[in-house]
Amino acid sequence: KACTACADRDAKEYGIAYWHRSHQLATTRYCPEHRLPLITLDVRRKRLHEQFILPDQFVHELRSYDHPATDDSSNAGVELSILGREALLDAGEPQRHVAIRDTYNSVLTEMGFLTYAGKAHPKNHFRSFMQDLGRDASVAELLRHARIGSSSRLLAGIVDERSGRPLSRLLLVSWLFGSWEAFKQACLWRDALDPEAVA
């Protein structure tokens with residue numbers, strides 16, 4: 001995937017456009033810097049690694065797109081793209097799995113979405129939350145692609161032992177904490193206050 005504005009800037013600064021890691025995340029549909037929809041280019045994996053193909057080789061295809069910037073700050077697709085970049089650029093020590101799960105559990109319980117036993121509350125608002133997410137076309141597409149259509153799938157790995165999906169985690173971080181830094185700090189506090197944490 002590539003952003004036309006990034007490709008133009010790269011070409012001016014370095015003489016050639018290159019692939020940006022933050023654009024290649026499965027959860028990213030917009031450039032987190034320019035808020036432009038990313039262009040998906042048809043590059044076969046074998047060709048990409050054997051011939052070192054760069055976006056410049058698709059310059060005509062890139063130029064055929066003329067997308068206006070997405071100024072709407074409530075665009076969930078843009079927010080997820082920014083959040084994904086923040087997570088990708090985080091060079092800090094990874095948090096313990098238990099601390100991460102307990103952080104989600106604690107906040108969801110405080111908000112009344114989970115019972116104190118860690119189960120989804122019978123009278124929860126996840127249905128409306130999922131409906132709200134589905135109103136954003138870019139996020140609805142991601143939800144379909146990741147097969148997340150219910151609160152059960154959204155909370156996989158938090159309320160049970162199933163493995164969670166990256167998109168589920170990013171959606172919850174965005175919804176519950178607003179930023180990667182706030183989520184990270186909450187996990188650090190949870191870990192620091194855990195009497196069973198390994199020193």
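Since this is a predicted model, take the numbers as computed values, not measurements.
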What pairs with L170 under side chain to side chain contact (heavy atoms under 4.5 Å, CB included), at least two apart in sequence or on another chain?
T27, L80, L83

Going hydrophobic residue to hydrophobic residue with side-chain gaps under 4.5 angstrom, can you get from V173 over to V107?
yes

With sequence neighbours left out, write down each residue that passes side chain to side chain contact (heavy atoms under 4.5 Å, CB included) with S168, or none if nothing qualifies.
I148, L154, R165

Indicate if W175 and I100 have the same hydrophobic cluster label, given that clusters are the connected sets of ILVMFWY residues with side-chain heavy-atom separations under 4.5 angstrom.
yes

Please list, chain by chain and in numerical order, all residues satisfying side chain to side chain donor-acceptor pair (under 3.5 Å) with K184, sequence neighbours excluded.
D90

Please identify each residue that fulfils ring-ring contact (aromatic ring centres under 6.0 Å, His included) with Y104, with sequence neighbours left out.
F183

Take N105 and R190 through the side chain to side chain contact (heavy atoms under 4.5 Å, CB included) test and state the conclusion after the steps.
CA-CA 11 Å; N105 258 309; R190 188 76 192 180; over 6 Å; no

On a heavy-atom basis, which atom in L38 and which in Y30 lie closest, and how many Å separate them?
CG-C, 3.7 Å

Minimum heavy-atom distance between H23 and K1, given as atom pair plus value:
O-CE, 2.8 Å

Which residues pass the side chain to side chain donor-acceptor pair (under 3.5 Å) test with Q185, not counting sequence neighbours?
E181

Residue list, side chain to side chain contact (heavy atoms under 4.5 Å, CB included) with A99, at least two apart or on another chain:
R96, D191

Return the minimal non-hydrogen interatomic distance between S174 and E79, and the atom names on each side.
OG-OE1, 3.9 Å

Considering non-hydrogen atoms only, spot the tightest contact between C3 and L36 and give its length.
SG-CD1, 3.9 Å

Should the heavy atoms of other residues, nucleotides or ligands under 6.0 Å from CD of E13 be counted, would the total exceed 12?
yes

Ignoring hydrogens and geometry, is there a side-chain-to-backbone donor-acceptor pair from W19 to Q24 under 3.5 Å?
no

Identify the heavy atoms of A17 and D10 that sit nearest to each other, and give their distance.
CA-CB, 3.6 Å

